[in-house]
Amino acid sequence: MSKTRPAKVRSWQVTLILTLFFIAVAGAAGIGWWYARESPPHQGPIVLISVDGLAAGRIPAKPAGETASADQGGTTETAGAIEALAADAVVFERAYTHSAQILPAHASILSGQLPFEHGIRDDAGFVLGTDVHTLAELLRNRGFGTGGAVSSFLLRRETGVGRGFSFYRAPEATVAALPDVTPSAAASTSATPANGDVASLPSAPVVPASPDADTAEPDTIELATKWAADQRGRRYFLMLQVDAADADRAVGRIVEMLRTRRLYDEATIVLVGDRGQTGGRIDEETLHVPLMVKQPQREGAGRYVEAPVQHIDVLPTILDLVRAPIPGGIKGRSLKPLLTDTNGRITPQPIYSEAVADAFRFGGNPLFALTTLNGFHYVRSGVESFNRIGAPAAASAVESTASADTSAEVPPLRATLDRLISGHPVPRASAVPARDRVMLALAGALPGLQQIDVQSVLTAQEQQVIAVAHREAALAVGQRRLPVAMRTLQQISRNHPTLAAVHYQIGLLANELGRTQDAIAAFEAAAMLRPDSHEVLAALALTLAPSQPDEAQLQIDRAIEAAAVLGPTEIASVHDAATRIALARSDAEQAERHAEAVQAARPEIPMRAFVQGWLLTKAGDNAEAERVLQEAAAMLRQHELPLEGVQLTLGEVLLSLERPADAEAAFRAELTDFPNSVAAYSGLAKALYASEKLTDADQTLTALLESVPTPEGYAAAIKLYTAFGNPARAAQLRSDARGRFPAETSLARAERVRTR
């Protein structure tokens with residue numbers, strides 16, 4: 001039987017419930033008041049402008065002894081647009097990059113992670129892992145439209161830094177001008193390429209205006225502003241990357257577009273330098289970069305912040321400004337307290353930076369640095385150096401150098417650096433695709449060996465001198481001045497004979513120039529220094545194969561043994577080389593065995609089909625060869641992979657079947673992935689000639705000599721002009737080649753090879 005509770009009890013319960021309710025209401029009101037007094041989330045466009053090579057000293061400086069107002073600012077070499085933006089922004093006087101290279105620096109900006117966390121350590125040979133979330137991805141997940149336009153080839157989408165952008169435009173790999181090149185033609189092997197629109201591909205090789213100029217599309221700024229202007233809403237994220245020479249124009253166009261759309265007042269604009277000087281050093285001039293944040297309604301305009309900040313602070317700051325969750329494990333700090341409060345504080349921390357490009361490119365020492373709150377700069381590069389930076393806003397002054405043995409500052413910095421990089425050894429780089437090599441060289445990057453040499457004995461001064469010369473060699477390779485590049489590398493190797501990577505690069509160039517004995521000598525020197533390098537041993541084996549097959553077999557066996565302890569990609573690459581050596585010897589059994597090994601390591605590579613198709617062509621069964629090779633080509637397209645020789649062999653089969661239009665498309669596809677293939681250029685010229693496209697055939701041979709100005713390239717063009725009934729042009733090229741290669745017999749050797 002139920003009983004009625006006493007009235008006093010019921011009254012007490014009601015009182016408690018009402019009390020708790022009013023406490024909850026008051027708490028909610030308090031929380032709401034707290035959020036209300038905080039800056040509201042930024043609702044307008046977010047624009048990130050990244051500038052390569054913009055020194056921190058080019059940002060208007062705070063007048064001495066006072067805080068700059070919106071209409072103040074020091075006179076600098078930078079023109080008005082950046083100065084005007086600085087007047088509307090909070091300027092961080094001591095901002096630092098984490099890398100002396102473009103790609104790793106941007107990976108840190110966009111991921112909020114240090115280089116050893118996101119994994120990109122150089123401009124070539126690294127890709128951002130899919131487990132790393134970019135700022136664009138995080139903002140897109142919050143409903144922002146995302147668009148990006150970059151002027152540097154080093155930031156192409158394949159690197160992963162473009163992930164999360166719905167629109168992303170970067171320069172593409174270029175080859176010498178070919179007639180009627182279209183994207184569809186390069187991707188198809190079943191139809192004649194359509195004539196017409198070629199606007200999406202450059203019409204000629206790009207040569208930088210100066211050693212410090214990156215390969216840039218002239219319309220990058222307009223592409224970015226057009227994308228932003230086409231957005232219907234105001235909630236979007238735009239990233240624009242330009243070179244320092246274009247920085248002021250970029251800022252001016254973005255601001256003009258925002259004002260025209262009446263979005264400037266509510267926009268958030270972040271201007272940041274990716275690095276200062278572009279020489280790859282790790283000093284104050286390189287690491288100290290500009291950073292300014294223009295907030296909605298010009299909040300904090302004209303304020304200068306002296307606290308040291310860093311690239312990895314950009315991502316958490318932007319996410320905090322839009323009230324988006326910040327991923328866990330991010331070492332960067334939100335700068336919102338400094339943006340919204342003149343008395344704001346952030347947790348101080350030493351700023352980590354690195355430069356490991358020299359280690360990958362020619363065997364130098366990797367460089368690591370820490371910059372501290374009180375203006376100390378600690379660098380480790382085999383030995384330690386310890387500098388005190390000048391005034392916080394200065395870009396280059398170093399007042400004194402203290403002994404690492406006597407300074408009390410060094411031990412804690414040494415321990416901090418050890419703690420940061422412990423468990424994060426510099427990883428292997430990936431092989432660079434053939435289609436990217438020229439563009440990377442034009443950007444100053446000439447990849448060396450995939451694994452760095454941890455025993456480099458170069459001094460800091462020696463390394464700086466080599467870095468300058470090596471960059472000159474890279475630019476010469478990009479500009480196809482191969483003899484110049486080879487002489488530069490040979491001079492480096494004479495002065496520093498222990499640099500295995502340089503010997504390896506000399507061997508590659510000597511091979512391309514038809515100087516086989518020089519190539520063998522260079523690869524042998526590299527192998528003596530790095531007997532564990534599968535790539536050196538494989539290159540030596542391929543070079544020895546035509547003249548010393550037994551020695552070639554010995555070297556490829558060593559390469560296979562060296563790669564066995566590495567990953568599937570390296571295992572597949574050495575068995576790929578072994579397959580080609582076996583095919584050159586007409587050893588079908590060994591070729592098939594190594595092809596099986598390739599696919600055991602990388603099932604997505606159709607090596608078995610390639611070998612089968614190649615053997616069928618030699619047996620004269622072109623119809624079956626076409627079927628097998630078409631299947632291989634389809635598999636490569638499915639996995640977006642290149643495999644040298646598949647499209648080339650298919651094109652030759654199609655020519656034999658008297659289908660020159662289809663052959664033309666196959667040869668173009670080979671050149672897309674292997675733009676320096678003499679055989680593919682030759683095949684394309686034959687296909688065009690067979691289709692009676694005589695002018696196009698002539699243009700193709702001209703493109704061949706632009707891309708491959710070597711004895712082999714000239715020999716191929718001479719042979720084809722003779723076959724096409726133009727002996728006068730053949731004679732002219734033979735004379736030009738003898739002048740170009742006066743002290744060599746490589747042209748004669750190449751002509752003999754081409755006539756076999």
Side-chain angles (χ1 to χ4, degrees), residues 362 434 437-438 441 446-449 469-470 472-497 499-529 533 535-549 551-552 555-556 577 580-581 584 674-679 681-682 704-719 733-756:
F362 59 79
R437 291 172 189 162
V438 167
L446 188 62
L449 299 177
H470 196 267
E472 291 174 354
L475 291 170
V477 169
Q479 295 162 350
R480 308 311 289 156
R481 296 183 296 123
L482 303 185
V484 173
M486 186 167 172
R487 287 194 295 271
T488 303
L489 293 175
Q490 286 174 325
Q491 184 60 52
I492 294 174
S493 70
R494 281 193 291 270
N495 294 336
H496 304 279
L499 299 180
V502 176
H503 289 293
Y504 175 67
Q505 292 161 337
I506 292 171
L508 295 178
L509 284 175
N511 256 340
E512 199 167 354
L513 288 167
R515 295 165 57 173
T516 304
Q517 293 307 311
D518 289 341
I520 292 172
F523 289 139
E524 287 178 339
M528 288 288 292
L529 294 164
S533 174
E535 53 199 311
V536 169
L537 296 170
L540 177 57
L542 287 166
T543 307
L544 288 167
S547 60
Q548 303 178 51
E551 181 64 20
Q555 297 299 332
I556 199 62
R580 297 176 192 278
I581 291 172
F674 302 96
N676 294 330
S677 171
V678 173
Y681 275 110
S682 300
L704 162 62
L705 296 175
E706 289 178 1
S707 287
V708 197
T710 67
E712 184 185 5
Y714 271 84
I718 290 167
K719 178 182 178 182
L733 288 179
R734 186 176 286 107
S735 175
D736 291 346
R738 287 170 178 161
R740 185 182 288 261
F741 314 109
E744 302 172 13
T745 59
S746 47
L747 176 63
R749 288 198 303 269
E751 286 190 283
R752 286 197 298 272
V753 170
R754 299 299 305 179
T755 56
R756 288 176 185 172

For the residue pair Glu524 and Leu540, establish whether any side-chain heavy-atom pair is separated by less than 4.5 Å. yes

Of all heavy-atom pairs between Ala538 and Ala577, which one has the smallest distance, and what is that distance? CB-CB, 4.2 Å

Going through the distances and angles, do Leu509 and Val477 end up as a side chain to side chain contact (heavy atoms under 4.5 Å, CB included)? CA-CA 9 Å; Leu509 284 175; Val477 169; 4.1 Å; yes

Please report the interatomic distance CD1(Ile581) to CD1(Ile556), rounded to the nearest 0.5 Å. 4.5 Å

Taking Leu446's backbone N and O only, do any of them form a donor-acceptor pair with Gln505's side chain (distance below 3.5 Å, no angle check)? yes

Heavy-atom check, side chain of Glu512 versus side chain of Asn676, under 4.5 Å: yes

Return yes if some donor-acceptor pair links the side-chain N/O of His503 with the main-chain N/O of Pro497 below 3.5 Å, else return no. yes

Quick one: closest heavy-atom pair of Leu704 and Gly713, and the distance? CD2-O, 3.7 Å

Do Val438 and Pro675 make a side-chain contact, defined as non-hydrogen atoms from C-beta onward lying under 4.5 Å apart? no

Distance col, row Gln491:CD vs Ile506:CD1, nearest 0.5 angstrom, shows 10.0 Å

Is there a side chain to side chain contact (heavy atoms under 4.5 Å, CB included) between Phe523 and Thr543 once you walk through the steps? CA-CA 9 Å; Phe523 289 139; Thr543 307; 3.3 Å; yes

Is it true that the side chains of Arg487 and Gln490 contain a donor and an acceptor less than 3.5 Å apart? no

Note: Tyr681 and Ser707 closest approach over all heavy atoms is OH-OG, 3.0 Å

For the residue pair Ala510 and Ala519, what are the closest heavy atoms and their distance? CB-N, 3.6 Å

For the residue pair Tyr714 / Arg734, report whether a side-chain donor-acceptor contact shorter than 3.5 Å exists. no

Separation between CE (Met486) and OG (Ser493), nearest 0.5 Å, reads 9.0 Å

Counting C-beta onward and ignoring hydrogens, is there a side-chain heavy-atom pair between Leu705 and Leu733 closer than 4.5 Å? yes

Reported CD-to-CD1 distance for the pair Gln548 and Ile520, which is rounded to 0.5 angstrom: 5.5 Å

From Leu489, Leu499, Leu475, residue fulfilling side chain to side chain contact (heavy atoms under 4.5 Å, CB included) relative to His470: Leu489

